[in-house]
Each structure stands twice: as C-alpha cells, then as structure tokens.
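Below you'll find the structure, written out as structure tokens, and then a few comments.
Scope of the values below: all heavy atoms of this structure, side chains included, with no hydrogens, waters or symmetry mates. Proteins get letters first, then strands, A, B, ... in listed order; numbering begins at 1 in each.
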Amino acid sequence: MLEESTESEWQSEVKTGTTIIAVEFNGGVVLGSDSRVSAGETVVNRVMNKLSLLHDKIYCALSGSAADAQTIAEMVNYQLDVHSIEIGEDPQVRSAATLVKNISYKYKEELSAHLIVAGWDRRGGGQVFVTLNGLLSRQPFAVGGSGSSYVYGFVDAEYQKGMSKEDCQQFVVNTISLAMSRDGSSGGVAYLVTIDEKGAEEKCILGNELPTFYDQ
Amino acid sequence: MREGLKTQDGGIQYDLSASTFSPDGRVFQVEYAMKAVENSSTAIGIRCKDGVVFGVEKLVLSKLYEQGSNKRIFNVDRHVGMAVAGLLADARSLSEVAREEASNFRSNYGHNIPLKHLSERVAMYVHAYTLYSAVRPFGCSFILGSYDQDDGPQLYMVDPSGISYGYWGCAIGKAKQAAKTEIEKLQMKDMTCRELVKEVAKIIYIVHDEVKDKAFELELSWVGEVTNGKHELVPKDVREEAEKYAKDSLEEEDDSDEENM
C-alpha cells in the first residue's frame, strides 16, 4: 500500500551525518572523510568533499550541520589568508585551530558543527587538533561525525605510534570504510588528503575500490 | 636658517602641526619628537647568538627617589622586552599598546606573537600619530627584543616617525652615537648572553657623562636561552658581576691614559 509522505525533505536540516578522521605521522598528517550529505532520510549529495582547505598545508574535516561547518571553514580560510600575509610566512596549524575554536566557542549555542583541523607547519610538523564545542586539544589522531561511534574500538586497537605515511593512509581508508558500512548517515566515496612539507595531495577512492571486510 | 621659525616679514610656519610638510619635504613635528628622544639618557639593545640583552642608563635626578623607580625596561609579553628612551609617559602608553597587541594576537591565534609582526603593529600605531594636526607624535623611541626556540633572538627598534627596523645592535638617546661606535666593535654574533651582559654594562658606563649627569642606575635585562625564552631583569649576582667588569674596564683605560702621559 502506498503511503503519501507528509513531510517534505526540506523540512529536515541538512546534516553531514558523517565519518571524519585525521591522523598524525612523522612529517605530516592524513585526513579522511566519507561523502554523504543527508536531509532526514534523503541523501542530498552523495559525492560531497568534506575535507576543506584552510590554507596551503592546513585542512579541516567537516561534520555536523553542513551549512554551519562550511561557513566556519570559509571564515577561517579568509582569516588565515590575511594572517599569513601579515606575518609574512605560512600560518601555524595551532593558529588555524584557534581561529576555528574561537568561532565554535563564541557561537556554541547557535552552531552545531565539529571541525577537526590538521596540517603541517615548520615548527611542529604534522599536527591534529580537535575543536568540538569550542575546546581546543591536540591529539595524535581524532575521529568525528555520526559514523565515528562505530569505529572507536577499531581505531583504539589499530592505531600505533610512529606509523609511516602509507600506513596512515591505509589506516584512514580502513576506518572510513568500516564506518560507512555500519552508519546509515555515512557513505558514498572516501576522500583522502595527505599533507607534508612538500604540500597537500588530494585523493578520491571510489566505492568499489574501498577495502572490504567481514560480510561484504 | 630654521624654516620653522616665523620670519620678520610674516613668512609661513611649517612646524606647527604634523599635518604640514615643509617646502623641502620634511615634517618638522616628527623631527622635533626625535629631538625629545635625543634629550633622554641612553638605552641600548644587542642581539647575540642565543638571546638579546638590554641596558639603560637611568639618570637619578633626586636622592629622594626610591631605588628602582621609573623603570625604563618593560615586559610586553612573557617572551618580549621593551627598552625606551624619550618622554617616559609616552613610552608607558605605548608599552600598554604593545601589550594589548601581543595579548590579542595570542587570544586570536593561540601562540606567541612574532616580534617582527609586533614591532610592525606598534610602529603603525606610532605612525598614525604623525598624520593629524589634532594630536602630537609620540616623543619616544623604543627597542623590542625577544627569543624564540625556532626563530632565535630578534631585535627591532621603533622611532617617533613610525619606522621599525631589525638590528643586531642599536642605541637610542643622548649618547647613541658613542654607544653605536662601541657596539660596532663587538662580535655579537659569536657571543653568548652571559658574555654580552658584561659588555652592555661596560658600554653604558663608557657613554655615561660624569660631568653633565651625576648619579645613574644601570638597568639590565635579558631574554634568551639562558632564561628559557622569558624576558626578565638580570639577576642580582650577574648584574653585580657585570657592573664590576664595567667599572674595572674603565679604571684600566684611565690607568693606561696616565701611563701615556
């Protein structure tokens, strides 16, 4: 029996129900995300890149409300552009994370977004910062978004200090893949960004190229 | 002939406000402000291999002053020190401006302000006061110094015109020429802070004019690896050692003069 849906899809907020992850390695960072944007039960965009550029060697991973997260990223991108010209050199990852944190904290009642900031600078090498709800904390790796709940066990068990760049990339891809297979709000393709002294390299891994696990 | 003076036939004055150029392209108010600095006693700052040392010849105008009052070396942030010459009230006001800049930077960007950026920001502020007739330029110069693990020691000087330059060694105040001559003799790039403190004390003692100015207090401060990046006044034992070295060196020179006679 057909039932008419009384709820229009535009009444639900557009969220990047998401899986995002960032990991430090010696000499850089790897960021990863899925690509699903949902409004209620509808997938509004199945190929969105949630890894946003803040500066040449600093990226952030977006989760939570799509509009809020994107706006914060755009604002910080502008502020970092001005800042790097004023100080005459590339900004520190800590500066980018502090700018994100300042916005997230000041407007915490109105915003619903969590950005993980990660990048490379000449003083501290690869760094990952968490800015959930306006806190600022540096961590060796971080996961976020609705899909992260399903993979906390995996990342805690599998993360090792001193992984190489390739190991980190594999670790990130595996995590995203596992989260996408269990979280209804995560899916699509996996986006990867690797940042080191030489620059940032973006990569997209299509659905059929993702690693498979039990039952797939 | 000073073009700023009013001439007998009622000629035009060019020195009444900072918003006026003279026909030969000078802003007299700014030059007069620099004269105010030259009337003040000397302050020097020298950058070495692992830090920056400041030395100030603080003239004691009255025996009634409490010792250590009217400080001329300020802390701007944990890692930045500022030594001043000129109108002390103007300098204090600018030190507050510098402190606010450093504090806002830390609040916005989460780390220490780079010294080049700080000196440019404060210089911009000083320069703004040279543009309008409603205000007068600041009558002080100051030297900023800092030490950072990654960028090493840095030294910048800002004058009343609002220019800031980076230096290995600089001097401001009445004996700045004599001090610069002494500073140029030093190989500061190869020295450590501990060695440099003694030389700085010596230079201040050398340029101090015993005849015109009587008592003075030597203010010494440093920031570098020896203080772990924190700007602070030099500890009592180091200061006493430096002053002793300075006084002994002067006596030696006096003695050698007598022998030549």
Side-chain angles (χ1 to χ4, degrees), chain A residues 27 54-58 60 72-73 75-108 115-139 142 197, chain B residues 47 50-52 76-80 82 97-128 144-158 162-168 223-225 228-230:
Chain A
L54 294 181
H55 201 73
D56 296 346
K57 294 180 194 150
I58 308 176
C60 71
I72 297 176
M75 282 168 69
V76 174
N77 172 259
Y78 166 75
Q79 289 170 355
L80 277 179
D81 272 350
V82 174
H83 175 60
S84 69
I85 291 173
E86 279 184 338
I87 60 172
E89 57 171 344
D90 279 348
Q92 293 185 25
V93 185
R94 183 171 282 276
S95 302
T98 305
L99 288 169
V100 171
K101 177 267 282 178
N102 286 340
I103 300 173
S104 305
Y105 182 73
K106 188 166 179 192
Y107 300 105
K108 72 194 317 250
L115 276 67
I116 299 179
V117 178
W120 181 93
D121 64 45
R122 66 179 175 89
R123 284 165 195 264
Q127 295 150 78
V128 170
F129 287 90
V130 164
T131 68
L132 177 65
N133 276 337
L135 74 74
L136 179 63
S137 167
R138 181 176 170 189
Q139 295 177 187
E197 193 179 358
Chain B
R47 173 181 161 195
D50 63 352
V52 170
V76 168
D77 195 343
R78 191 182 175 274
H79 65 302
V80 177
M82 175 169 156
V97 168
R99 282 170 182 161
E100 226 182 287
E101 282 290 336
S103 168
N104 284 340
F105 186 95
R106 188 188 288 282
S107 181
N108 288 333
Y109 301 106
H111 63 89
N112 289 346
I113 186 168
L115 194 67
K116 182 164 192 283
H117 186 62
L118 174 64
S119 72
E120 280 168 7
R121 294 286 297 185
V122 187
M124 207 162 42
Y125 188 90
V126 169
H127 171 250
L144 292 164
S146 82
Y147 176 78
D148 172 74
Q149 267 211 318
D150 297 292
D151 295 329
Q154 305 274 320
L155 186 67
Y156 283 84
M157 198 258 280
V158 179
I163 301 185
S164 97
Y165 286 125
Y167 290 90
W168 275 95
V223 57
E225 227 182 294
N228 242 326
K230 181 168 177 285

Closest approach of A:R94 to B:G110 (non-hydrogen atoms, all atoms of both residues): CD-O, 3.3 Å
Beyond-backbone contact of A:R123 with B:D148, side-chain heavy atoms, under 4.5 angstrom: yes
Heavy atoms of other groups near B:N228 CG, more than 12 under 6.0 Å: no
Whether A:N102 side chain and B:S107 backbone form a donor-acceptor pair below 3.5 Å: yes
Flag side-chain contact, heavy atom, 4.5 Å: B:E120 against A:I87: no
Contacting moiety of B:Q149, where chain A heavy atoms sit under 4.5 Å: neither
Shortest non-hydrogen contact between B:N108 and A:L99, atoms and distance: O-CD2, 3.5 Å
Side-chain touch A:H83/B:F105, heavy atoms, less than 4.5 angstrom: yes
Within 6.0 angstrom of A:E197 CD, more than 12 heavy atoms from elsewhere: no
